[in-house]
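This report refers to the structure that appears directly beneath it.
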Protein chains: 2
Amino acid sequence: MKVTNSGMALFLSTYLNKVDKKGRVSVPAQFRSALASENFQGVVVFRSNHHAALEGFSWSFMEEIGQRLDHFDLFSDLQDDLATAVFGDSVQLPFDGDGRIVLPKELMDFAQIEGSANFVGLGKKFQIWNPKTFKKRREDARTQVKVQGLTIPKGGA
Amino acid sequence: MKVTNSGMALFLSTYLNKVDKKGRVSVPAQFRSALASENFQGVVVFRSNHHAALEGFSWSFMEEIGQRLDHFDLFSDLQDDLATAVFGDSVQLPFDGDGRIVLPKELMDFAQIEGSANFVGLGKKFQIWNPKTFKKRREDARTQVKVQGLTIPKGGA
DNA sequence: TGGATATTTATGGGATAGCATGGGTTTTTA
DNA sequence: TAAAAACCCATGCTATCCCATAAATATCCA
């Protein structure tokens with residue numbers, strides 16, 4: 001049955017794909033179809049500030065972040081730091097004909113990715129992990145949510 | 001008679017359906033017709049935090065959760081934990097032409113589902129259980145309600 | 001009203017198309 | 001001109017589609 005999503009891209013689920021010796025990885029088909037309506041057919045990737053992992057965005061969400069940053073003083077240290085960490089460090093990775101991207105070597109080293117990688121949907125963004133590292137990370141997140149009783153705030157309405 | 005519902009999906013009753021060796025299960029027709037007005041014809045499923053069972057939602061409810069998460073700082077630990085545990089752990093399961101979904105193996109293992117499964121309507125969401133496990137769960141829930149009902153003090157306030 | 005006929009569901013199996021993956025070939029660029 | 005990047009094709013696997021059957025439900029008409 002046909003799947004057509006309206007609204008902005010929403011990344012869901014966790015996928016495990018192989019990384020070949022050229023550094024190529026298939027972006028999960030579900031992620032790609034979430035990006036179908038984008039102008040730029042590909043993703044934007046940069047280093048996570050919190051984990052040994054990579055952050056992935058759509059181009060248009062990147063633009064949205066830019067607008068959020070505009071709310072800071074243009075020449076403030078904070079704006080500068082954020083912009084440097086996010087924009088200065090990010091790469092634009094187009095899909096090849098088969099829906100793959102090529103991960104730059106520096107980024108693979110940073111995230112300790114070698115033969116395979118986990119694509120983790122986090123709503124508007126996603127992350128790319130070394131599978132072994134992510135296993136721990138996932139357990140942490142689950143216990144955090146469970147133990148701390150974190151809940152999603154009730155909506156208005 | 002065919003029943004068409006306006007407004008949000010409401011899931012009621014308990015159904016017992018078979019799971020074939022491909023992992024396919026029919027979603028109860030009543031549940032499907034509650035989802036008739038959805039853009040995405042299918043459900044979103046993830047692991048329950050409290051039971052050995054699966055939680056099911058409509059896609060639009062998932063989008064609602066996404067919007068609530070937007071209220072957090074994009075790179076905060078809280079946002080990260082919640083998104084990892086909620087979005088990273090969920091799967092989008094479209095109906096096939098006959099109203100079935102395919103349960104991923106990991107989720108079946110988690111909920112110990114094998115040859116058949118209970119679909120339990122809980123209002124805005126539903127759950128999928130191993131029938132044997134659910135039998136106990138239902139008895140527990142009933143006695144809880146009964147005991148608590150007996151011990152809740154009269155009046156007050 | 002009751003019984004016969006049509007629809008909707010649930011379920012199983014086989015056919016098919018899409019996806020992930022690997023290798024090779026051309027094109028770019030350093 | 002060598003190395004790397006983009007492009008193209010081949011393959012196996014699995015998810016998706018399509019059809020067949022049976023049971024349950026609804027509909028129709030005498």
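Below, each value reflects all heavy atoms present in this structure, side chains not excepted, and no hydrogens, waters or symmetry copies. To find a chain, count down the sequence lines: A is the first, B the second, and so on, and within it residues start at 1. As the structure is a computational prediction, the values presented were derived from the model and not from experiment.
- Distances from the side chain of Ala29(A) to the nucleotides dA10(C), dT16(D), dA20(C) place dA20(C) closest.
- Distance from the side chain of Lys18(B) is smallest for dT11(C) among the nucleotides dT11(C), dG23(C), dG22(C).
- No donor-acceptor pair under 3.5 Å is formed between the side chain of Arg47(B) and the backbone N or O of Asp89(B).
- Tyr15(B) has its OH atom 14 Å from the C1' atom of dT25(D), to the nearest Å.
- As a whole-Å value, the separation of Ile101(B) CD1 from dA15(D) C1' is 14 Å.
- In this structure, Tyr15(A) and Phe31(A) have perpendicular ring planes: the angle between them is above 60°, well past the 30° mark.
- Whole-Å rounding puts the Lys22(A) NZ to dG23(C) P distance at 9 Å.
- Taking five base pairs at each end of the helix from dT1(C)-dA30(D) to dA30(C)-dT1(D), the local helix axes there meet at an angle of 40°, rounded to 10°.
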So which protein nitrogen or oxygen atoms get under 3.5 Å of nucleotides 18-21 of chain D's nitrogens or oxygens?
unit_1, atom_1, unit_2, atom_2, d
dC19(D), N4, Asp98(B), OD2, 2.8

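- A donor-acceptor pair under 3.5 Å is absent between the side-chain atoms of Asn17(B) and the main chain of Val25(B), judged by distance alone.
- Between the P atom of dG12(C) and the CG atom of Asn17(B) lies a distance of 10 Å, rounded to the nearest Å.
- Among the protein residues, Val25(B) comes within range of no part of the nucleic acid, since none of its heavy atoms lies under 4.0 Å from any strand.
- Rounded to an integer number of Å, the gap from Leu16(B) CG to dA23(D) P is 17 Å.
- Using a distance-only test at 3.5 Å, with no hydrogens or angles considered, no donor-acceptor pair links the side chain of Ser90(A) to the main chain of Phe46(A).
- OP1 or OP2 of dA20(C) lies within a sub-4.0 Å distance of a side-chain N or O belonging to Arg32(A).
- Between Lys21(B) and dG13(C), a side-chain N or O to OP1/OP2 separation shorter than 4.0 Å is present.
- His50(A) contributes no side-chain N or O that, together with a main-chain N or O of Asp77(B), makes up a donor-acceptor pair within less than 3.5 Å.
- If you check every strand for non-hydrogen atoms under 4.0 Å, Pro28(A) touches sugar and phosphate atoms only.
- Here the P atom of nucleotide dA6(D) and the CD atom of Gln92(A) are 12 Å apart, to the nearest Å.
- Between the side chain of Gln41(B) and the backbone N or O of Gly99(B) there is no donor-acceptor pair closer than 3.5 Å.
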Verdict with reasoning, Lys105(B) to Asp109(B), per salt bridge (Lys or Arg N to Asp or Glu O under 4.0 Å): CA-CA 6 Å; Lys105(B) 194 158 166 302; Asp109(B) 288 346; 3.7 Å; yes
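- Between the Asn118(B) side chain and the Val120(B) main chain, no donor and acceptor come within less than 3.5 Å of each other.
- Judged purely by atom type and a 3.5 angstrom limit, Asp98(A) has no side-chain atom pairing as donor or acceptor with the backbone of Arg100(A).
- The nearest whole Å value for the distance from the CG atom in Asp20(B) to the P atom in dT16(D) is 13 Å.
- What separates CZ of Phe119(B) from P of dT9(C) is a distance of 15 Å, to the nearest Å.
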